[in-house]
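Read the structure below first, then the notes.
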Amino acid sequence: MLELLPVPPADPLWDLAAAYATDTRPDRLNLVVGVYRDHTGATPVMAAVREAEIRLAERSVSKEYRGLSGNLAFNQAMVSSVLGVTGLTDRAAAVQTVAGTGALRLLADLVRQTRPGATVWISDPAYVNHRPILEAAGLTVRTYTWLDAEGRSDPAGMLQDLQRAERDDVVLLQGCCHNPSGVDLSFDAWQALAGLAERDGWVPFIDLAYHGLGDGLEADLRATRMLATRVPEMLISVSCSKNFGLYSDRTGCAIVLSPSHRTLTHVETALQNIARTLYSMPPEHGAAVVTTILEDAELRATWRAELDAMRGRISANRADLVAHLSGLGHTVHAETISRQKGMFSTLPLSPGQMRELREQFAIYGTASGRVNIAGIAAPRIPYLAQGIAAVLARSGAARPAPSAVS
Ligand SMILES: Cc1ncc(COP(=O)(O)O)c(C=O)c1O
């Protein structure tokens, strides 16, 4: 049987990470995968997480199955922290998922079950897994403009493309810190988008993977909350991988908003049924950690302070890169990067230039130009800037518009 298996395409991101692992050059710099690293290059367990784990270990008495919705207290905590101030928590159904990816897939399956002909619109460029997850669920995918030719936000282009979204369609948006571009919409643009959703009836689907790492937790949730108050139905996938540093514990939540309580009950059952055919129940540990933190004022404050410190370090890294690129004469590119937010920035380099950066400077980013700003130790930033400047100088040309290469 297995000899009939066609050669599967390798995952480009993990392929690059594997290439980095065998690179022995002393200057090598791994900026491929989106994980936060501190000034020593380590991805630490957050102090609030460590303390929650100790408390859980002390009081744990059983590893009995949870229900299909996972940890109910976690789901409630997620709904409150995402929607909190909107007062919309009783309009929400939620199930715990296998991280943000699990939430994306569950919600994609829900869309397929309720609107089999729906098109899901994703940004161009998009998070590398959005299209495969949606297509694996049997959905049609189309793209809307995200960036202009200079790599800046293009709300007019986006709104123009989304004029073509139909009533049964779903529009997938990243709530903040857009992966891969680092480019976010202004709040005015989010409001214009909400107006379009209200007028045309399509359903917003918000992917929250980096809240707390852009402008601060509340600021990063502002657009999601505003949209939630304007539209009757909304889908939200939440990842705790980055903002709690729980990458390998696979912790996340799928939230659905509807004005009808009857609908919400059906939605939760439908999500449970989908989960049952995929993995049955999500893993408990990360959800228990997050719940322990969010339900305890002291631990919550510790976590918020750590999250703010991570955000501060990422901003400082980006500001430093911008300063060094400006110092090397690349003021236009530096200015573009200065407006980006969150863990990632998109460099003004083509796939060929990114390869050059890797081959000649041992600097690893993705072919689309994405680098993990949160993954650089501060003393390595001048080296990164010099590598970028050298590659730009050699080709004498800027990269093509980001949308053309993603
Ligand atoms: C935009 C976006 N959504 C969702 C995810 C899923 O994250 P996870 O499954 O690790 O929680 C990621 C991870 O990189 C992401 O960048």
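What you are looking at is a predicted structure, and each value in this text was computed from that prediction instead of being measured. Remember, it's 1-based here, ligands and their atoms both numbered in the order they're listed.
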Short side-chain donor-acceptor distance under 3.5 Å, Ser368 and Thr366: yes
Contacting atoms of ligand 1, where contact means under 4.0 angstrom from a heavy atom of [X]:
X      : value
Asn179 : 15 (C), 16 (O)
Ala209 : 2 (C), 3 (N), 4 (C), 15 (C)
Gln174 : 1 (C)

Note the single closest protein heavy atom to [atom], along with its residue, its atom name and the distance in Å.
atom                    : answer
atom 2 (C) of ligand 1  : Asp207 OD2, 3.4 Å
atom 8 (P) of ligand 1  : Ser241 OG, 3.4 Å
atom 7 (O) of ligand 1  : Ser239 OG, 3.8 Å
atom 13 (C) of ligand 1 : Tyr127 OH, 3.4 Å
atom 6 (C) of ligand 1  : Thr101 OG1, 3.5 Å

Would you say Arg380 has more than 12 foreign heavy atoms packed within less than 6.0 Å of its CZ? yes
Closest approach of [X] and [Y], non-hydrogen atoms and distance?
X      : Y      : result
Asn75  : Ser69  : ND2-O, 2.9 Å
Ser241 : Ala99  : OG-CB, 4.2 Å
Leu68  : Met281 : CA-CG, 4.0 Å

Specify whether [X] and [Y] have parallel, tilted or perpendicular ring planes, treating 30° as the upper limit for parallel and 60° as the lower limit for perpendicular.
X      : Y      : result
Trp303 : Phe244 : parallel
Trp146 : His178 : parallel
His333 : His330 : parallel

Short N or O distance, Arg250 and ligand 1, threshold 3.5 Å exclusive: yes
With respect to Gly100, determine whether any N or O atom, backbone or side chain, lies less than 3.5 Å from an N or O atom of ligand 1. yes
Quick one: does Lys242 get a heavy atom under 4.0 Å from ligand 1? yes
One residue to check: Tyr210. Relative to ligand 1, which of side chain, backbone, both or neither has a non-hydrogen atom less than 4.0 Å away? side chain
